[in-house]
Amino acid sequence: MSRLLPPPVLSDAPLAPGLYLVATPIGNLRDITLRALDVLSACDLLLAEDTRVTGKLLSAYAIKTKLERHDEHVAERAIPAILERLEAGERVALVSDAGTPMVSDPGYRLAREAIAAGHPVFPIPGASAALAALTLAGLPTDRFLFAGFPPPKSGARRTFFEEFANVRATLIFFEGASRVDDTLADMAAVFGGDRPAAVCRELTKLYETCVRGPLAELAVDPRFEAPKGEIVIIVGPGAEELATADDAEAALREAMARLPLGEAASEVAKALGLSRKDLYRQALALKEAG
C-alpha cells in the first residue's frame, strides 16, 4: 500500500529584496500556493486592497507580517514611501482582495514605478478568476481577451461592447451582481443573441455555479435578476466571416509586394482560410497581368 508523502515545509531560504506580486485565493482559502505562503511570511511589508479581507487569509495561516492598505484611494500618495523602502533593500509584497494583483486593481501603478526605478519585481502566480471561468465555460481557449469591467450605464456599455464585436477571440468580462442582467441584455443586443456564453458565479466557493447558453437565453434567465457574489461572463467568439474574392486579391497583392509568390500564397491562405493552391494560381495570374 502506498504511503502519502508529507507536505513540503515552507521554505526558509532568504527572500531577495524587491516587489512581490502575490496571487491569493478567489474564494477557497486552500487555493494558496506554498511559494505565496513563503513570501507572505518572509516579506517586510504586505500591501493589500482591503486589510480586513487579507487579514482573514493571514489569520488562517498564522502569518504575522505587517499589513497596510493599498487601494485606489491611497496608491498615488503611498508609492514614494514604498519606493524608498525598496531602495533600502526591503521585501514588499502586494496582494489584491482575491486573485492575481493588477488584474482590474490599482497595483499596476506601483509595479510600473518600481520597474522604472530599477527595483526587482517578482510575480508569484496562483488563482485567477478570469482563467478559472475560462476553463469552466467550455468555450474556445486558444485565443482569449480579458476586457475587465464594462461601464455601469447601458449606453456607454453598448459602445464599449461594440469595440469587441468583431474580435475573433473568447471574451472575458467581470461584472457586479447588481448589473449582470442588464449587462447580458446589452451583450445580446451588440454581440447577437445566438452568441455562446457562460456566466460563472462564486468560483471556488460553496455555491459555485456556471450557466452556459446563448446570450439571448442568459439575458432573460431569472437566476440573474438578483444574483449574489462575484460574476465572470465569458462570451465565445463570433462566427468567422468567409473572405470574399476582393479580400483575397487585396491580401495577395499586398503579400506579393513583400514575398515570393509561393510564400505570399501560403501567408494569405493561412490568414484567410483559403486554398493555397488556388491562391498560387491567382497570384500567377495577377503577376502576368501586371
### Task
Answer yes if Val22 and Leu15 sit in the same cluster of Ile, Leu, Val, Met, Phe, Trp and Tyr residues linked by side chain heavy atoms under 4.5 Å apart, and no otherwise.
yes
### Message
If we count only N and O atoms by modelled type, under 3.5 Å, do the side chains of Thr183 and Asp186 hold a donor and an acceptor together?
### Response
no
### Message
If the test is side-chain contact (heavy atoms from CB on, under 4.5 Å), which one of Leu21, Leu19, Val121 qualifies with Leu110?
### Response
Leu19
Which atom pairs, one a donor and one an acceptor, fall under 3.5 Å between side chains of residues 50-57 and the rest of the protein, sequence neighbours left out?
unit_1 : atom_1 : unit_2 : atom_2 : d
Asp50  : OD1    : Arg52  : N      : 2.9
Asp50  : OD1    : Arg52  : NE     : 3.1
Asp50  : OD2    : Arg52  : NH2    : 3.0

### Path from Tyr20 to Leu37 over hydrophobic side-chain contacts below 4.5 Å
yes
#### Entry: Nearest non-hydrogen partners of Leu139 and Ala198, listed with the distance
CD1-N, 4.3 Å
### Joint cluster assignment, Phe149 & Phe144, ILVMFWY side-chain distance < 4.5 Å
yes
### Task
Grab the two heavy atoms, one from Pro237 and one from Thr170, that are nearest each other, plus how far apart they are.
CD-OG1, 3.3 Å
### Query
Quick one: do Asp182 and Arg179 make a salt bridge, cutoff under 4.0 Å?
no
### Task
Each residue besides Phe160 in its hydrophobic cluster should be listed here, by chain and number; the cluster joins Ile, Leu, Val, Met, Phe, Trp and Tyr at side-chain heavy-atom distances under 4.5 Å.
Leu145, Phe161, Phe164, Val167, Leu171, Phe173, Val180, Leu184, Met187, Val190, Phe191, Val199, Val211, Leu215, Leu218, Phe224, Ile231, Ile233, Val235
#### Entry: Nearest atoms (heavy-atom pairs only) where Ala93 meets Cys43
CB-SG, 3.8 Å
### Query
In terms of hydrophobic clustering (I, L, V, M, F, W, Y; side-chain heavy atoms under 4.5 Å; direct or indirect links), are Leu286 and Leu272 co-clustered?
yes
### Query
More than 12 non-hydrogen atoms from neighbouring residues, nucleotides or ligands closer than 6.0 Å to CD on Glu254, yes or no?
yes
### Arg258 vs Glu267, salt bridge (charged side-chain N to carboxylate O under 4.0 Å, His left out): CA-CA, chis, key distance, verdict
CA-CA 11 Å; Arg258 300 180 285 105; Glu267 180 181 283; 2.5 Å; yes
### Message
Atom NZ of residue position Lys153 - does it have more than 12 heavy atoms of other residues, nucleotides or ligands inside 6.0 Å?
### Response
no
### Message
Among residues at least two apart in sequence or on other chains, which ones pass side-chain contact (heavy atoms from CB on, under 4.5 Å) with Lys270?
### Response
none
### Task
Just grab all the salt bridge (Lys or Arg N to Asp or Glu O under 4.0 Å) pairs involving residues 89-103, residues at least two apart or on different chains.
Asp44-Arg91, Arg85-Glu90
#### Entry: Residue pair Leu46, Leu40: steps toward the side-chain contact (heavy atoms from CB on, under 4.5 Å) verdict
CA-CA 7 Å; Leu46 177 55; Leu40 297 181; 3.7 Å; yes
### Message
Assess whether a salt bridge exists between Glu162 and Arg158, defined as any Lys/Arg side-chain N lying under 4.0 Å from an Asp/Glu carboxylate O.
### Response
no
### Task
Report the C-alpha separation of Glu230 and Arg201 in whole Å, then their side-chain angles, then the decisive distance to 0.1 Å, and conclude whether the side-chain contact (heavy atoms from CB on, under 4.5 Å) test is met.
CA-CA 6 Å; Glu230 303 296 327; Arg201 184 179 71 87; over 6 Å; no
### Query
So does Glu113 pair up with Arg109, basic N to acidic O under 4.0 Å?
no
### Query
Where do Leu136 and Arg212 land on the side-chain contact (heavy atoms from CB on, under 4.5 Å) test, with the steps shown first?
CA-CA 10 Å; Leu136 183 60; Arg212 307 168 184 87; 3.7 Å; yes
### Inter-residue atom distance Lys205.NZ - Asn28.CG, 0.5 Å rounding
10.5 Å
### Task
Give a yes or no on this: more than 12 heavy atoms of other residues, nucleotides or ligands lie within 6.0 Å of atom CD of Glu163.
yes
### Task
Might you work through the side-chain contact (heavy atoms from CB on, under 4.5 Å) test for Val74 and Asp71, ending with a clear yes or no?
CA-CA 6 Å; Val74 304; Asp71 60 17; 3.6 Å; yes
### Partner set under side-chain contact (heavy atoms from CB on, under 4.5 Å) for Ala130, not counting sequence neighbours
Ser128, Phe146, Ile172, Phe174
## Note on the structure
What one should report as the nearest heavy-atom pair of Leu203 and Cys200 is CD2-CB, 4.0 Å
### Message
Could you work out, with side-chain contact (heavy atoms from CB on, under 4.5 Å) as the rule, every residue matching Ala265, not counting sequence neighbours?
### Response
Arg276, Leu279, Tyr280
### Message
Please evaluate residues Glu225 and Arg223 with respect to the criterion salt bridge (charged side-chain N to carboxylate O under 4.0 Å, His left out), reporting the C-alpha separation (whole Å), side-chain torsions for both, the decisive distance (0.1 Å), and the verdict.
### Response
CA-CA 6 Å; Glu225 290 178 0; Arg223 286 173 287 187; over 6 Å; no
#### Entry: Transitive ILVMFWY side-chain link Val95 to Ile82, under 4.5 Å
no
